[in-house]
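Okay, structure first, notes after.
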Protein chains: 2
Amino acid sequence: MINKEIGIPYYLQLASLIEEKINSRLWSEGEKIPSEIEMSRMCHLNRHTVRQAVDYLCVRGALLKVKGRGTFVAKSTVDFLEYKLSPENRFTDNVRQAGKRPDNRMLFCEQTPAPGHASRALMMAPGEPVFHFRILRKVDGKPFLLSDNYSPVKLLPDLDQQLSSAASLFEVYHKHYQMQPRRRKSTFKAGFPREDEARLLQINPGTPVLRVDNTLVASGLLLQYTQACYRGDLAVLSIEWEEDYPPAPG
Amino acid sequence: MINKEIGIPYYLQLASLIEEKINSRLWSEGEKIPSEIEMSRMCHLNRHTVRQAVDYLCVRGALLKVKGRGTFVAKSTVDFLEYKLSPENRFTDNVRQAGKRPDNRMLFCEQTPAPGHASRALMMAPGEPVFHFRILRKVDGKPFLLSDNYSPVKLLPDLDQQLSSAASLFEVYHKHYQMQPRRRKSTFKAGFPREDEARLLQINPGTPVLRVDNTLVASGLLLQYTQACYRGDLAVLSIEWEEDYPPAPG
DNA sequence: ATCGATTTGTCCGTATGTATT
DNA sequence: AAATACATACGGACAAATCGA
């Protein structure tokens with residue numbers, strides 16, 4: 001299988017061979033592929049060379065390694081969930097409309113001086129108190145996005161109390177504060193997760209993520225700044241720009 | 001420097017140390033860091049362990065290795081260009097407004113049967129003829145985004161002729177067809193570049209990219225479907241949702 | 001619940017190739 | 001041409017997670 005004469009690195013040759021197996025469906029989604037030792041015997045390569053090939057494909061998202069279990073063909077995640085962004089957005093409804101099961105978990109909520117990025121986004125003096133809360137949102141039991149949220153204490157004095165008792169963020173704004181926040185500005189960026197993000201999203205640190213920053217306004221007030229981190233292997237975000245004919249496909 | 005007792009992998013400890021040096025500007029942008037051999041001597045680690053740390057940071061975009069020369073601190077690209085998306089968008093103007101120099105290059109333009117994704121997006125029968133053209137767009141001389149564009153031949157019969165003679169895509173639509181196309185729908189996804197994309201964008205295949213798909217409409221007609229691939233290390237895309245008070249910061 | 005087998009993760013060592021200076 | 005620096009490939013050893021008997 002491996003040609004040791006042509007000058008192409010063995011690990012790249014092996015990576016191509018593995019990719020072919022996947023593309024031809026000989027090894028299908030979620031299936032366990034031969035262990036490193038097996039492949040090294042089959043191809044007359046050292047285990048480390050096999051590991052190089054496997055690592056190469058893991059970074060690219062084609063394979064997934066699990067310590068103690070083995071290496072698996074990554075699940076193709078094309079259009080796992082197209083998450084529609086709109087000015088007023090509610091995760092729970094959005095996911096339910098797609099026929100999936102949403103799940104939210106507030107990881108913490110604490111009052112702190114506003115860090116630089118948050119104070120800039122909320123146009124506050126740096127160091128003014130904000131509530132900083134982190135939410136992990138799942139779809140069908142899979143971690144989907146992690147968000148760090150910052151809200152001025154001055155505007156929402158008992159937000160922490162409300163959050164602990166309420167089911168959803170939207171509900172708190174709507175029922176308790178009689179506000180209907182809307183998105184003001186969003187930014188999109190591709191990158192890698194930090195260690196803690198990778199752990200909470202249950203992805204390896206080499207999986208790309210989609211970072212979306214948002215500011216929410218209501219009644220002319222900057223209510224909340226959010227830094228969201230979506231799993232790149234699951235999430236497709238979409239925006240519909242106009243409401244008129246023709247309807248957008250998909 | 002490296003604590004061999006606490007049970008944290010040496011290469012992760014070293015990666016953190018290197019990151020600290022970078023973040024504290026002790027090692028600054030573009031600067032060459034000590035060679036693998038030097039670091040392995042300094043930290044009493046094997047060269048392979050050092051390589052693991054360096055590779056880890058390369059994948060994450062913090063370092064850049066050049067064979068035969070050394071390893072360098074990657075150029076920080078925070079907010080290199082915030083690219084504002086709006087319903088009607090013109091790359092050239094957009095970049096000029098940010099005080100940068102735009103550059104466009106049409107790589108090819110050919111007539112082909114519509115591939116599946118394009119025919120779905122344009123709501124055509126699969127296989128109907130489309131013009132497929134690829135554009136590489138640079139900012140200040142750096143490759144910024146690569147786009148594959150599909151337009152129905154039926155609607156724009158001599159688009160290929162026009163594109164070869166005109167300066168910009170917008171000009172062709174506006175001047176020749178008297179159309180002012182607008183975005184209909186956009187989707188965002190994080191991922192990795194294909195081999196050819198990585199080459200054209202001059203990034204290594206481990207750098208994440210931001211994929212943005214768009215459909216353009218004018219006068220109720222689906223004019224163009226575009227798959228754009230933005231360099232994840234350079235591009236931040238932004239959207240302003242509302243026009244009223246307060247102004248968005250940044 | 002324990003133990004052993006399997007599998008991936010980390011770490012060290014050595015040698016040689018290739019690109020740059 | 002020589003020295004330097006990263007790339008590839010081989011070897012061995014033990015750790016840590018998982019799974020099934």
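Below, chain A is the first sequence line, B the second, and so on; all start at residue 1.
For A:Lys32 against A:Gly70, the heavy-atom pair with the smallest separation is CE-CA, 4.1 Å. Taking both residues in full, the closest heavy atoms of A:Val212 and A:Leu237 are given as CG2-CD2, 3.6 Å, listed atom of the first, atom of the second, then distance. Annotation for B:Trp27 and B:Ile18: closest pair CZ3-CG2, 3.9 Å, computed over non-hydrogen atoms.
Remark: D:dA21 base-pairs with C:dT2. Criterion, Watson-Crick or G-U wobble with two distances under 3.5 Å.
The CG atom of A:Leu14 sits 13 Å away from the C1' atom of D:dA9 (whole-angstrom rounding). We find that CZ of A:Arg41 is positioned 15 Å from P of D:dC10, with the value rounded to whole Å. With rounding to whole Å, A:Gln52 atom CD is found 16 Å from D:dC6 atom P. With rounding to whole Å, A:Met39 atom CE is found 15 Å from C:dT6 atom C1'. As rounded to whole Å, 11 Å separates atom C1' of C:dT10 from atom NZ of A:Lys65. Atom-to-atom, CD of A:Glu5 to C1' of C:dG17 comes out at 15 Å; the value is rounded to the nearest Å. Distance CZ (B:Arg51) to C1' (C:dG17): 12 Å, rounded to an integer number of Å. Nucleotide D:dA9 holds its P atom 16 Å from the CD atom of A:Glu36, rounded to whole Å.
Here B:Arg69 reaches the OP1 or OP2 of C:dT21: one of its side-chain N or O atoms lies under 4.0 Å away. For C:dT7, neither phosphate oxygen OP1 nor OP2 lies less than 4.0 angstrom from any side-chain nitrogen or oxygen of A:Thr71.
Within 4.0 Å of A:Val54, counting heavy atoms only, lies no atom of the nucleic acid at all.
Proximity of a side-chain donor or acceptor of A:Gln13 to a complementary backbone N or O of A:Asn3 within less than 3.5 Å is detected.
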Distances for protein N or O near nucleotides 12-15 of chain C N or O, under 3.5 Å:
residue, atom, partner, partner atom, Å
C:dC12, OP2, B:Asn46, N, 3.1
C:dC12, OP2, B:Thr49, OG1, 2.4
C:dG13, OP2, B:Asn46, ND2, 3.3
C:dG13, O6, B:His48, NE2, 3.0
C:dT14, O4, B:His48, NE2, 2.5

When you look at A:Arg211 and A:Glu197, which way does the salt bridge (Lys or Arg N to Asp or Glu O under 4.0 Å) test go after all the steps? CA-CA 11 Å; A:Arg211 294 189 185 278; A:Glu197 291 172 333; 2.9 Å; yes
I'd like to know whether A:Asp233 forms a salt bridge (Lys or Arg N to Asp or Glu O under 4.0 Å) with A:Arg231, so could you lay out the CA-CA distance, the side-chain angles of the two residues, the decisive distance to 0.1 Å, and finally the verdict. CA-CA 5 Å; A:Asp233 59 343; A:Arg231 277 178 62 162; 2.9 Å; yes
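Looking at which nucleotide of DNA chain C each of B:Lys67 and B:Ile8 is closest to, the 5′-most match is held by B:Ile8.
If you run side-chain hydrogen bond (donor to acceptor under 3.5 Å, both in side chains) between B:Glu36 and each of B:Arg47, B:Lys65, B:Arg41, only B:Arg47 comes through.
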